[in-house]
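In this text the structure is predicted, and so the values were computed from the model without any measurement.
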Amino acid sequence: MSITLLSSPLQGFTDFRFRNAFHKHFGGIDTFYSPYIKLNGKLVVKGSYERDILPENNSTLEVIPQIITNDAEEFLFVAKYVQQFGYKELNWNLGCPYPMVAKCGMGSGLIKNTDQIEHILKRVHNETDIIVSMKMRMGYENPTEILDVFPILEQYPIKNIAIHARIGKQLYKGGVDLDSFQKCLDTSKQKIYYNGDITSVAKFKELQERFPSIDHWMIGRGLIADPFLPSMIKNDTTEYPKNRLEIFEAFHDEIYREYDAYLQGPTPIRMKMLGFWEYFSESFSNPQKTFKKIKKAGNSKNYETAVKEIFKNG
């Protein structure tokens, strides 16, 4: 069975600058989901969200925009907004686990509110022709919450449901709950994608063996921690390229230049790259030591020196 690999959106990480550089240097991802568009009570899309989905900024990629909302008017507004750029699909985020989002009844905090989910889907399917897909956790408090949502989703032509096999309260702690994910597969009549803890080729193969009917796999944090992972899965290999560090360094340098030009200032670029290195350091022989070097680099010059040293020594 052929497999499709998708990039799960990570807010603050997987914008168009990252996506383009990733696609150029590593490949392996068939479709990228953009980090979610969030409206703050006004029917206005922020400039940074617009830049992220502009066709000219994604000319070599297949990208699906995403929305996070618990409001039908916001959903309709964003649906029409993305359609003007040629997008035919809008992914609805019912997965974000962060308490500040969930407590507002959005992301994984919306899963329990089946009436509101139904209200929004009804209006969207009656008032637009956008294709709707879903990104969900299995619940916020417990993994059975999603089971009450399936009968509602089955009333509509939902393209697919990508399910992260955790509950919202977990954030990213603890393991994935594969038994509860299996229950989702047994219960839902929809097309299900798997998401959660695909961190190595071996781990992917374990999951593939456990869920042989799944042919769409979504990789989130694992893709940033090991950018070679998608292409290695596709090529069914555990061997890294011989020039692995050269490729990784070229990728790093490209996103560093892009973000440095955009963020304009030593503190924003330092914080941005520090966030990436929390994941990147996992690809090196001593992750803690690697990340410590980056943290200690208090200015751009020291940062660039530290990075050169890290890539030189592996």
Consider only side-chain N and O atoms of [X] and [Y], and report whether a donor and an acceptor are under 3.5 Å apart.
X    : Y    : answer
R19  : N58  : yes
E89  : S133 : yes
W92  : Y36  : no
Q66  : N93  : yes
N40  : K42  : no
Y240 : D226 : yes
E50  : Y81  : yes
K135 : N195 : yes
Y262 : D15  : no

Minimum-distance pair of heavy atoms, taken over all atoms of [X] and [Y]:
X    : Y    : result
E62  : T31  : OE2-OG1, 3.2 Å
P230 : L223 : CG-CD1, 4.1 Å
I111 : L94  : CD1-O, 3.3 Å
P99  : L171 : CD-CD2, 4.0 Å
T69  : L110 : O-CD2, 3.7 Å

Are more than 12 heavy atoms from other residues, nucleotides or ligands located less than 6.0 Å from atom [atom1] of [X]?
X    : atom1 : answer
K169 : NZ    : no
Q288 : CD    : no
K289 : NZ    : no
Q84  : CD    : yes

Determine the interplanar angle of the [X] and [Y] rings, folded into 0 to 90°, and report it as parallel if under 30°, tilted if 30 to 60°, perpendicular if over 60°.
X    : Y    : value
F22  : F26  : tilted
F18  : F276 : parallel
Y303 : H252 : tilted
Y194 : W217 : tilted
H216 : Y193 : parallel

Backbone of [Y] reached by a side-chain donor or acceptor of [X] within 3.5 Å:
X    : Y    : result
E154 : K189 : yes
Q83  : K88  : no
Q170 : I167 : yes
N91  : V132 : no
R270 : K295 : yes
N243 : E246 : no
D52  : S34  : no
E145 : N142 : yes

Can you tell whether the side chains of [X] and [Y] come within less than 4.0 Å, N to carboxylate O?
X    : Y    : result
K24  : E254 : yes
D179 : R210 : yes
D30  : K234 : yes
R123 : E73  : yes

When hydrophobic residues are tied together by side-chain contacts of less than 4.5 Å, even through go-betweens, does [X] share a cluster with [Y]?
X    : Y    : answer
M136 : I131 : no
Y156 : I161 : yes
F181 : I158 : yes

Interatomic distance, [X] atom [atom1] to [Y] atom [atom2] [nearest 0.5 angstrom]:
X    : Y    : atom1 : atom2 : value
I29  : L6   : CD1   : CG    : 7.0 Å
K292 : S281 : NZ    : OG    : 13.5 Å
I233 : S231 : CD1   : OG    : 9.0 Å
F75  : T128 : CZ    : OG1   : 7.5 Å
Y256 : M273 : OH    : CE    : 8.0 Å
K312 : I310 : NZ    : CD1   : 13.5 Å

Where do H125 and Q155 land on the side-chain contact (heavy atoms from CB on, under 4.5 Å) test, with the steps shown first? CA-CA 10 Å; H125 284 94; Q155 297 172 44; over 6 Å; no
Run F85 and L54 through side-chain contact (heavy atoms from CB on, under 4.5 Å) and show every step you take. CA-CA 7 Å; F85 297 117; L54 283 174; 3.6 Å; yes
Taking the six-membered ring for Trp and the full ring for Phe, Tyr or His, determine whether the centres of F284 and F291 are under 6.0 Å apart. no
Candidate pair M134 and N160, rule side-chain contact (heavy atoms from CB on, under 4.5 Å), full reasoning: CA-CA 6 Å; M134 313 284 288; N160 63 268; over 6 Å; no
Tell me, with the steps shown, if Q11 and Y98 meet side-chain hydrogen bond (donor to acceptor under 3.5 Å, both in side chains). CA-CA 11 Å; Q11 220 66 12; Y98 293 110; over 6 Å; no
Please assess I224 against L10 for the test side-chain contact (heavy atoms from CB on, under 4.5 Å), listing each intermediate value before the final yes or no. CA-CA 10 Å; I224 304 175; L10 265 75; 3.8 Å; yes
Among R166, K173, K203, which residue satisfies the salt bridge (charged side-chain N to carboxylate O under 4.0 Å, His left out) criterion with D197? R166
